[in-house]
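Residue numbers start from 1 in every chain, and the chains themselves are labelled A, B, ... in the order their sequence lines are given, proteins ahead of strands.
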There are 2 protein chains.
Amino acid sequence: MNTTIKDVAELAGVHPSTVSRVINNDSRISEKTKEKVILIINKLGYTPNAIARGLKTKRTYTLGMLIPDITNPFFAEIARGAEDVANANGFNIILCNTDDKLKKERIYLEILKGKRVDGLILGTAHIKDKSILELERKKFPYILVSRNIEGLDKNCIIVDDVEGGMMATEYLIKLGHRRIAHITGPLKTRSALNRLKGYKLAFKKYEIEYRDELVGEGDFRIKGGYQVMKRFLKLAEPPTAIFAANDLLALGAMQVIQKKNFRIPEDFSVVGFNDIKLASFVYPPLTTIRQPMLEMGALAVKMLLKIIEEGEFNQRKEVLESKLIIRESCKKINKIKI
Amino acid sequence: MNTTIKDVAELAGVHPSTVSRVINNDSRISEKTKEKVILIINKLGYTPNAIARGLKTKRTYTLGMLIPDITNPFFAEIARGAEDVANANGFNIILCNTDDKLKKERIYLEILKGKRVDGLILGTAHIKDKSILELERKKFPYILVSRNIEGLDKNCIIVDDVEGGMMATEYLIKLGHRRIAHITGPLKTRSALNRLKGYKLAFKKYEIEYRDELVGEGDFRIKGGYQVMKRFLKLAEPPTAIFAANDLLALGAMQVIQKKNFRIPEDFSVVGFNDIKLASFVYPPLTTIRQPMLEMGALAVKMLLKIIEEGEFNQRKEVLESKLIIRESCKKINKIKI
DNA sequence: TTGTAGGCGTTATCAG
DNA sequence: CTGATAACGCCTACAA
């Protein structure tokens, strides 16, 4: 049996409510009884029952975090940034991997609602997600990170994906590439759609004809990049450069390319997105668009806590800077046809 | 205000305890009232309050997980494996990053104890950790993953680190290397100590003289590998091969080597440990010792649930297979002095 | 400064 | 099969 506030009270010769007061640092309490109670608390190794407390106070000091997959370094960084500031503020995080499945997302949300988490960090929202709208309607504290919802420009923190997609594509164009392929993320996510949009905008700007065959939908994982790139290689006229919607997709693409004994960047230039820690270690070091992942996670929780602690339910949409990191996976186009 | 069991009861015209019974699938309850109640539940969007329930039942269906850093792919994989089977069994996981700091670990344990988690997955235990012994004494459900405690051969799941360290070192020896350096993990962790032990054993087996200057303590992160390798390069007689206690350390080492314009594997051979997903993508693809990380996380939770649900507090020590994965970061020694 | 009493939302036990 | 009641451990008016 766990020791309770009653046990402490009894041994200290005071009333439970007095013990409660010293635990909660109530000002009006004599130094003497305070010391006495604290002594007993330590002696018994008493830890207040957060469950009982939560029942009364309606605060659990626990946040829920939904992401597709913690194994993806992008989300691991975000999770770390989030957990750090949560911890610094006395909160914990329940981690949930949804694999970007709407059904898993729904179930997790229901469970977390049942566990009465104080707020939600969502890295997994589909474009038009009814669950989010419901959170909005019920004024349940939430922050979207790296995702946002159609027609809801608030409570989210993102980078400008359109701009990022454009930067990447424009960089390749300026290197002389014209047949630039794009491996997208899941097109049910806003970020994938926006990076694609940026890609198209760059084409328009430089008056390059857009071709459907050069765009393939991936899954933000290595495997997807591999599969899509394989298709690209079979094209009558394969691309000379690939812009992948994230670094993992880029790695998958690079894997096929090298497996077929082509070289990067001599035969194919590749650009990724995110700049995960290992992007500089792959071969060749990957040129990519950097997102401030740790910072995004941290900021998400900061905003969430503002909602929770200060009741400011409407947080603005935060758009952070992204940046082109040039390494060695791209090259000026080789005029000799491959 | 959240709707409660009372609201449902009232609307359904039954007693709260009846509602409770349908929620918990109590057998003896008429189909008719059951249907009626369920109808109301859906209508009101009622979700049982897990906090209140937990207070009564003393079960939270929440596990605590302590790891050094979720940003380390090794722990991300373990966490994913763990969360998957937790979720499949109706449990959630609170994730805690300790940075391998004993103090953070203690604080987290205290918080999790307060939150009455049903069990603990510990990937962060120091060699002789009093906290663990206390869990043991109090029969609090816990499983150690990839770590174990001096003199406590139970409730843990590991690979044979001694053997792994030996395999790695022996491989290098057989390639003709004699000046083999070792970058260890933090020597307060059992796994680091054991890999070092394996390294030494291999030396003994092949009657190679052990030299202190060829062993440097790292931190299981890229940075540590970088720093230790820098020291190795300054040696009068630098090593020709490096066995790093994990892949991240290996990457750090590779970074310095290449920065100084040496080549891998021509000038230096490198072996890592873990086989994180990206090990095959770095340059050159990293030879390493593979651990079944996902499986370790999954098994940890399975064992933990056995303790929690079936009360079998003493789980055996599970030793999983590790395996040498040969890629391209090692080479037979070049007799010409570098 | 401290004690008293009631309630947070459930479930478990006991009746009926 | 269903209702009544107490209890889980804590907090918080209110009273003293």
Parallel, tilted or perpendicular: ring planes of A:Phe91 versus A:Tyr61, cut at 30 and 60 degrees: tilted

For atom CZ of A:Arg59 and atom P of C:dG9, their distance in whole Å: 16 Å

Gap between atom OG1 of B:Thr189 and atom CG of B:Asn148 - 0.5 Å precision: 10.0 Å

B:Thr57 side-chain N/O to C:dT11 phosphate OP1/OP2 under 4.0 Å: no

Distance, rounded to the nearest Å, where B:Asp26 contributes CG and C:dT10 contributes P: 17 Å

Interatomic distance, A:Asn49 CG vs D:dC8 P [rounded to whole Å]: 12 Å

side-chain N/O A:Lys58 vs C:dG9 OP1/OP2, d < 4.0 Å: yes

N/O (side chain, B:Arg53) to phosphate O (OP1/OP2, C:dG9) under 4.0 Å: no

Short side-chain N/O contact from A:Asn2 to OP1 or OP2 of D:dG9, under 4.0 Å: no

Distance below 4.0 Å between A:His15 side-chain N/O and C:dT2 OP1 or OP2: no

Sugar-phosphate only, base, or nothing, as touched by A:Asn24 at under 4.0 Å among non-hydrogen atoms: sugar-phosphate

Spacing of CD1 belonging to B:Ile51 relative to NZ belonging to A:Lys56, to within rounding of 0.5 Å: 15.0 Å

Donor-acceptor pair (no angle test) under 3.5 Å: B:Arg21 side chain, C:dT13 base: yes

Nearest to side-chain heavy atoms of B:Arg28, which nucleotide of D:dC1, C:dT2, D:dG9: D:dC1

Between D:dA4 (C1') and B:Glu10 (CD): distance, integer Å: 16 Å

Atom pair CG/CG of B:Leu304 and B:Leu299 - distance to nearest 0.5 Å: 11.0 Å

Phosphate contact (C:dT2 OP1 or OP2) by A:Ser30 side-chain N/O below 4.0 Å: yes

Toward the 5' end of DNA chain D, by each residue's nearest nucleotide, B:Pro16 or A:Ala52: B:Pro16

Per A:Thr18 side chain, nearest of listed nucleotides D:dT2, D:dC10, C:dG3: C:dG3

Side-chain H-bond candidate by donor/acceptor type, A:Ser131 with A:Arg106, under 3.5 Å: yes

Contact under 4.0 Å: B:Thr33 side-chain N or O vs D:dT2 OP1/OP2: yes

Gap between atoms NZ and P, on A:Lys34 and C:dT1 respectively (whole Å): 11 Å

Protein-nucleotide distance (B:Lys115, atom NZ; D:dC10, atom C1'), rounded to Å: 16 Å

Closest listed nucleotide, where the reference is the side chain of A:Leu55 and the choices are C:dA12, C:dG9, D:dC10: C:dG9

Nearest-angstrom distance from the residue atom CD of A:Glu31 to P of C:dT1: 10 Å

B:Asn25 CG - D:dC1 P separation (whole Å): 14 Å

Phosphate OP1/OP2 of D:dA4 contacted by B:Ser17 side-chain N/O (<4.0 Å): no

Donor-acceptor side-chain pairing of A:Thr62 and B:Lys115 below 3.5 angstrom: yes

Under 3.5 Å donor-acceptor pair, B:Lys56 side-chain atoms to D:dA7 base atoms: yes

